[in-house]
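Note sheet for the following structure.
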Amino acid sequence: MENDNNIAIRKTSTLKLIFLSIVTLGIWWYVWLWKLVTDINTLYPQKGKCIHRFNWFCTLIGLNVIAIILYIKGIQKEFIINIANVIWLVVNLILTLQILKNIERYVKEKFDIEIHHNVFGWFFFGSFYVNYKINRLNKSIQNGINRKITQMKLFKTQENMLDKIKNIFKK
């Protein structure tokens with residue numbers, strides 16, 4: 001997807017994203033996310049809507065470091081869950097929601113098309129769901145355009161029928 005300045009959102013195969021994230025122990029995921037947020041901010045730079053990468057990434061990486069330290073020191077073994085991992089998950093979900101909302105706003109402003117997201121997909125798959133939606137974005141926009149064309153044709157047909165009915169009653 002491109003804007004007026006020919007700036008596109010990079011598409012990445014979701015399987016490639018998962019595979020490289022596993023192989024690099026999560027580092028590739030951060031690189032992908034950094035590039036994605038850069039693309040979204042370039043595409044939708046409105047004040048108050050732009051995503052502050054530095055804040056988000058410092059928080060996510062800091063929580064990862066804390067989780068690792070808790071695990072190494074054995075503190076995490078005393079609890080069923082590692083609180084740093086839970087907070088990381090919540091922060092990640094909020095960030096991915098902000099990314100999805102910025103994409104929705106951009107498509108609405110640029111093409112006047114509403115796109116909807118699956119809350120289940122977002123909640124359980126987070127950034128992988130965002131990647132999937134970005135890969136299907138052109139198809140979603142095309143489907144929206146086709147719906148609008150169909151609505152316009154239907155409206156035109158209804159208008160013609162009303163004109164015919166009016167002409168019948170005028171006679």
Side-chain angles (χ1 to χ4, degrees), residues 1-68 70-71 76 81-149:
M1 180 172 84
E2 297 183 6
N3 67 2
D4 296 334
N5 301 323
N6 294 325
I7 299 167
I9 297 178
R10 295 173 182 97
K11 290 184 178 183
T12 305
S13 163
T14 305
L15 290 176
K16 177 183 173 184
L17 175 62
I18 293 169
F19 176 75
L20 288 175
S21 295
I22 291 170
V23 169
T24 62
L25 302 176
I27 294 172
W28 175 256
W29 179 83
Y30 281 105
V31 170
W32 168 82
L33 193 60
W34 184 270
K35 290 179 180 180
L36 175 63
V37 170
T38 302
D39 291 346
I40 298 293
N41 283 344
T42 307
L43 197 63
Y44 195 76
Q46 276 73 1
K47 188 172 182 156
K49 305 292 184 192
C50 111
I51 301 169
H52 303 286
R53 291 176 302 195
F54 188 74
N55 298 343
W56 285 104
F57 281 85
C58 286
T59 304
L60 288 171
I61 292 170
L63 288 168
N64 257 352
V65 169
I66 292 170
I68 291 169
L70 290 175
Y71 183 78
Q76 180 262 326
I81 57 172
N82 186 334
I83 194 70
N85 283 339
V86 172
I87 295 170
W88 182 93
L89 180 63
V90 170
V91 169
N92 180 31
L93 285 174
I94 293 169
L95 175 60
T96 56
L97 182 62
Q98 187 175 5
I99 290 170
L100 287 172
K101 289 300 177 185
N102 281 4
I103 291 171
E104 280 180 23
R105 286 185 198 109
Y106 172 76
V107 171
K108 179 67 176 162
E109 286 180 11
K110 181 76 175 177
F111 302 101
D112 193 32
I113 294 172
E114 300 260 343
I115 57 173
H116 302 284
H117 302 290
N118 184 336
V119 175
F120 176 81
W122 162 74
F123 186 77
F124 287 102
F125 300 107
S127 56
F128 300 113
Y129 176 74
V130 170
N131 186 63
Y132 168 77
K133 290 300 283 186
I134 288 170
N135 289 340
R136 296 183 47 88
L137 198 53
N138 288 340
K139 186 175 181 179
S140 297
I141 292 170
Q142 188 59 50
N143 289 343
I145 291 171
N146 290 342
R147 267 194 309 275
K148 285 193 176 278
I149 290 171

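Sequential numbering from 1 along the given sequence is applied to the chain's residues. A quick note: this is a predicted structure, and the numbers were derived from the prediction, not measured. Heavy atoms only: backbone and side chains are in, while hydrogens, waters and symmetry mates are out.
- Here the CG-CG distance, from L43 to N102, works out to 9.0 Å after rounding to the nearest 0.5 Å.
- In terms of modelled atom types and a separation under 3.5 Å, the side chain of N41 and the main chain of I51 share a donor-acceptor contact.
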Verdict with reasoning, I66 to I87, per side-chain contact (heavy atoms from CB on, under 4.5 Å)
CA-CA 11 Å; I66 292 170; I87 295 170; over 6 Å; no

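- The distance from the CG atom of L60 to the CH2 atom of W88 is 6.5 Å, given to the nearest 0.5 Å.
- Between the CG atom of N92 and the CH2 atom of W29 there is a distance of 4.0 Å, given to the nearest 0.5 Å.
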K35 vs T38, test: side-chain contact (heavy atoms from CB on, under 4.5 Å). Steps then yes/no. CA-CA 5 Å; K35 290 179 180 180; T38 302; 5.5 Å; no

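- Using a 4.5 Å cut-off on side-chain heavy atoms (C-beta onward), L93 and L97 make no contact.
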Between N118 and Y129, is the side-chain contact (heavy atoms from CB on, under 4.5 Å) condition met? List the steps.
CA-CA 9 Å; N118 184 336; Y129 176 74; 3.4 Å; yes

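- Taking every heavy atom of both residues into account, A84 and L70 meet most closely at CB-CD1, 4.4 Å.
- Taking every heavy atom of both residues into account, H117 and K133 meet most closely at ND1-CE, 3.3 Å.
- Put simply, the side chain of N85 never gets that close to the backbone of A67: no donor and acceptor are under 3.5 Å apart.
- Residue K16 qualifies as open at atom NZ: its count of foreign heavy atoms under 6.0 Å is 12 or below.
- Between L36 and I134, the closest side-chain pair of non-hydrogen atoms falls below 4.5 Å.
- Closest approach of S127 to W32, counting heavy atoms only: O-CH2, 3.4 Å.
- For the atom pair CG of N135 and OG1 of T14, the computed distance is 5.0 Å after rounding to the nearest 0.5 Å.
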For a side-chain contact (heavy atoms from CB on, under 4.5 Å) check, start with the C-alpha distance between L95 and T59, then their side-chain angles and the critical distance, and finish with the verdict. CA-CA 11 Å; L95 175 60; T59 304; over 6 Å; no

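- Summarising the local packing, OH of Y132 is surrounded by 12 or fewer heavy atoms from other residues, nucleotides or ligands at distances under 6.0 Å.
- Side-chain contact of Y30 with N64: a donor-acceptor pair under 3.5 Å is present, judged by distance alone.
- Under the side-chain hydrogen bond (donor to acceptor under 3.5 Å, both in side chains) criterion, W122 pairs with T96, sequence neighbours left out.
- Atom CD1 of I99 sits about 6.5 Å away from atom CD1 of I40, to the nearest 0.5 Å.
- Distance check, rounded to the nearest 0.5 Å: CZ of F128 to OG1 of T12 gives 11.5 Å.
- Between F125 and F120, the ring planes are perpendicular. Angles over 60° get that label, and only those under 30° would be called parallel.
- In this structure, L33 and W56 have side chains that are not in contact, with every pair of non-hydrogen atoms separated by 4.5 Å or more.
- Take E109 and apply the salt bridge (charged side-chain N to carboxylate O under 4.0 Å, His left out) test, not counting sequence neighbours, and it matches no residue.
- Between L20 and T24, the shortest heavy-atom contact is O-OG1, 2.7 Å.
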